[in-house]
Structure formats: structure tokens, C-alpha cells
Peer 1: 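For reference, the structure I am asking about is given below.
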Amino acid sequence: MESLTGLPNIGIVLAQCLIEVGISTHLQLKEIGSKEAWLRIRARDPSACLSKLMALEGAISGVRWHNLDEVKKKELKEFFNRY
């Protein structure tokens, strides 16, 4: 869990969610991508929110999710609304 919690936006709870869906490193998260990681989490927890999706993308990008560019935020919102 330590390697995940060292990423922006990833606290102990989200790190545990990622581990439960088979993602235990930054490299795995990056390879899988925020959308697929979120879908895996959502399959286990239907209450997974947009903020969680944004947090995953920010972790991959190395920034707080609030600092994602507006184009990326819009893309993620559209993806979230499809599910």
C-alpha cells in the first residue's frame, strides 16, 4: 500500500480499494488507466464517485485532481455519466 499512498490523491482507503481489484503499484495503475481502474472499483462498490475517478487520473498524472486540465476533467465527467 505504501507505493500507492505516495501518489497524489491516494489515501489509505483508495489504496485499499485498488489493491482489492488487483492494482498494487503505480506502474499497474498507469498501465490499466484511471477509467479501467475506476470500473473495477465500481464493480465492487456501486457508490464509487466522480471524485474517485478524478483522483485516479490525477495519481497517474502526478497532480492533485483539482489541477487536471479542463479538457481531461470534461472527458472524465462524460465517461462517468455513461456509467
Side-chain angles (χ1 to χ4, degrees):
M1 205 176 332
E2 293 172 18
S3 63
L4 290 171
T5 57
L7 299 172
N9 315 307
I10 307 293
I12 293 170
V13 173
L14 185 49
Q16 189 59 44
C17 290
L18 287 166
I19 289 167
E20 289 172 3
V21 298
I23 302 167
S24 59
T25 68
H26 177 243
L27 182 59
Q28 287 175 324
L29 178 58
K30 189 174 182 175
E31 288 174 350
I32 289 166
S34 60
K35 294 173 185 172
E36 177 60 28
W38 182 81
L39 286 172
R40 290 181 185 190
I41 291 170
R42 177 87 179 232
R44 294 177 63 97
D45 176 10
S47 70
C49 61
L50 175 60
S51 294
K52 195 168 280 189
L53 174 59
M54 298 274 195
L56 293 167
E57 183 62 35
I60 290 168
S61 301
V63 299
R64 294 283 299 150
W65 72 265
H66 303 91
N67 296 328
L68 291 169
D69 68 62
E70 294 304 315
V71 172
K72 179 56 78 173
K73 286 180 183 178
K74 184 176 187 243
E75 174 192 326
L76 293 171
K77 285 177 191 173
E78 290 171 358
F79 176 82
F80 176 82
N81 287 331
R82 288 196 300 265
Y83 296 92

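Bear in mind that the values here come from a model prediction, so they are computed numbers and not experimental data. Heavy atoms only: backbone and side chains are in, while hydrogens, waters and symmetry mates are out.
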Peer 1: Can you see which heavy atom on L29 is nearest to which on A37, and at what distance?
Peer 2: CD1-CB, 3.8 Å
Peer 1: What distance separates L76 CG from K35 NZ, expressed to the nearest 0.5 Å?
Peer 2: 6.0 Å
Peer 1: Can you tell me if NZ on K30 sees more than 12 non-hydrogen neighbours from other groups inside 6.0 Å?
Peer 2: no
Peer 1: Hey, what do you get for CD (Q28) to OG (S3), rounding to the nearest 0.5 Å?
Peer 2: 8.5 Å
Peer 1: Counting distance only, does the side-chain N/O of K73 pair as donor-acceptor with the main-chain N or O of H66 below 3.5 Å?
Peer 2: yes
Peer 1: Report the residues that fulfil salt bridge (charged side-chain N to carboxylate O under 4.0 Å, His left out) with R40, sequence neighbours left out, ordered by chain and then residue number.
Peer 2: E36
Peer 1: I need the minimum non-hydrogen distance between G62 and P8, along with the two atoms involved.
Peer 2: C-CG, 3.5 Å
Peer 1: Compare every heavy atom of N9 with every heavy atom of W65, then report the nearest pair and how far apart it is.
Peer 2: N-OD1, 3.1 Å
Peer 1: How close do S34 and L53 get, counting heavy atoms only, and between which atoms?
Peer 2: O-CD1, 3.7 Å
Peer 1: Could you give the distance from SG (C17) to CH2 (W38), rounded to the nearest 0.5 Å?
Peer 2: 13.0 Å
Peer 1: Quick check for you: to the nearest 0.5 Å, what is the distance between K52 atom NZ and I10 atom CD1?
Peer 2: 9.5 Å
Peer 1: Looking at CG of L4 and CD1 of I23, how far apart are the two atoms once the value is rounded to the nearest 0.5 Å?
Peer 2: 8.5 Å
Peer 1: Between E70 and K74, does the salt bridge (charged side-chain N to carboxylate O under 4.0 Å, His left out) criterion hold? Intermediate values first, please.
Peer 2: CA-CA 6 Å; E70 294 304 315; K74 184 176 187 243; over 6 Å; no
Peer 1: Give the minimum heavy-atom separation between A48 and R42, together with the two atoms involved.
Peer 2: O-NH1, 3.4 Å
Peer 1: Measure the CG-CE distance between N67 and M54 for me, rounded to the nearest 0.5 Å.
Peer 2: 12.5 Å
Peer 1: Would you name the heavy atoms of L56 and L18 that are closest together and state the gap between them?
Peer 2: CD2-CD2, 3.8 Å
